[in-house]
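Presented below is the structure to which this report refers.
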There are 2 protein chains.
Amino acid sequence: MVEDLAIAEVAEKFQVTTRTIRYYEEIGLVHPHRENGHRRFSRKDITRLSLVFRGKKYGFQLEEIKNMIQLIDLDPSGVQQLEKTMEYGRRKMREIDRRLVELEQLKTEMNSWLQKFEEELVKRKGEPL
Amino acid sequence: MVEDLAIAEVAEKFQVTTRTIRYYEEIGLVHPHRENGHRRFSRKDITRLSLVFRGKKYGFQLEEIKNMIQLIDLDPSGVQQLEKTMEYGRRKMREIDRRLVELEQLKTEMNSWLQKFEEELVKRKGEPL
DNA sequence: GTTGAACTTAACGTTAACGTAAATGGTATA
DNA sequence: TATACCATTTACGTTAACGTTAAGTTCAAC
């Protein structure tokens, strides 16, 4: 396909090096096909990579991301499989919730530091040398 | 001081190995004093370590944490120093805000996946084999 | 058809944050 | 004081996620 992308274009698109993309293939995150030995990335491949990079941004490890992606790939043929899939999803959700709470705590804490510093600053500016 | 803690106690307290604590001293995150060559951790040391572990929980790197801790240590003697300190603090805050936004996006996204799966599940359960 | 950029695989190097092992010394208790 | 346990430093090992050659192949342009 002429609309498929070469590795350099993919790297450019996601603002990473080609090495990163090759590595992602190495560990099975994408499976671009070859044309005369050169990798070509279809629209589907690009979508997968988007998911990978989004996952990374959220601080998940590649191995985790691999699992999550497989969930999406899965056309879960049975109800049982589907329920396992959902259970995993729910666990992830809880994890995200925990992270959110912790980050909010950190924010509060840093805010109070900043305020203390601010007060210090005002005090000192008011004082003569 | 008799109320100071030995390394094993500190490790126990924070649920890590003694190696971790020694490492943190190695890279300058704490400076316990010695008694007959053995490390002893004062209350201040413990407080510092608390900050370190909290930082870790929030996903910061030790090097970052080192910087942040130094901000707290600093009794910023001049207004200039104080302003630099605050500027750093504000940058950190913005970073945290960004992380919060991203995490919330992820949450939304995962929620919609989960819902899709849920619908699938209901549909299949309604159908006969 | 030759050059030069972009591609390939293979393999070794790097950083963070510890794990683990060896050799040695201090401490508590019977 | 002998035993057992805890501590010390030194130093090499480990994992993740790439970086960095090296040596060769293919494409695009002239």
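What's counted below: heavy atoms across the whole structure, side chains too, no hydrogens, waters or symmetry copies. To find a chain, count down the sequence lines: A is the first, B the second, and so on, and within it residues start at 1.
Nucleotide C/dG25 holds its C1' atom 11 Å from the CG atom of B/N36, rounded to whole Å. Atom CG in B/L49 sits roughly 12 Å away from atom P in C/dC18 (whole-Å rounding). Counting to the nearest Å, the P atom of D/dA17 and the CZ atom of A/F53 are 12 Å from each other. One atom, CD of A/E63, and another, P of D/dA17, lie 8 Å apart when rounded to the nearest Å. The distance from atom CD of B/E64 to atom P of C/dA17 is 10 Å, rounded to the nearest whole Å. Here D/dC18 presents its C1' atom at 10 Å from CD1 of A/I27, a figure rounded to the nearest Å.
For C/dC18, one of the phosphate oxygens OP1 or OP2 lies less than 4.0 angstrom from a side-chain nitrogen or oxygen of B/Y24.
Take A/R43 and apply the salt bridge (charged side-chain N to carboxylate O under 4.0 Å, His left out) test, not counting sequence neighbours, and it matches A/E3. Applying the side-chain hydrogen bond (donor to acceptor under 3.5 Å, both in side chains) test to A/Q61 and every residue at least two apart in sequence or in another chain returns nothing. Residues satisfying the salt bridge (charged side-chain N to carboxylate O under 4.0 Å, His left out) test with B/K107, not counting sequence neighbours, are A/D97. For A/K13, the side-chain hydrogen bond (donor to acceptor under 3.5 Å, both in side chains) test picks out no residue, with sequence neighbours left out. Not a single side-chain hydrogen bond (donor to acceptor under 3.5 Å, both in side chains) links A/S50 to another residue, sequence neighbours left out.
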Exercise. If the sugar-phosphate is the primed atoms plus P, OP1 and OP2 and the base is the rest, what is the B/S/- string for nucleotides 6-13 of chain D, using protein heavy atoms under 4.0 Å?
Worked result: -SBB-B--

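Checking B/L29, B/V10, B/D45 one by one against B/I21, the side chain to side chain contact (heavy atoms under 4.5 Å, CB included) holds for a single residue, B/V10.
Residue pairs meeting the salt bridge (Lys or Arg N to Asp or Glu O under 4.0 Å) criterion with at least one partner in residues 26-40 of chain A, sequence neighbours excluded, are A/R19-A/E26, A/E25-A/R34, A/E25-A/R39. Counting only residues at least two apart or in different chains, ring pair (Phe, Tyr, Trp, His ring centres under 6.0 Å) contacts with residues 1-46 of chain A comprise A/F14-A/F53, A/Y24-A/F53.
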For this session: Treat a base pair as Watson-Crick or G-U wobble with both distances under 3.5 Å, then lay out DNA chain D in dot-bracket form, 5' to 3', with | for cross-strand pairs.
Result: ||||||||||||||||||||||||||||||

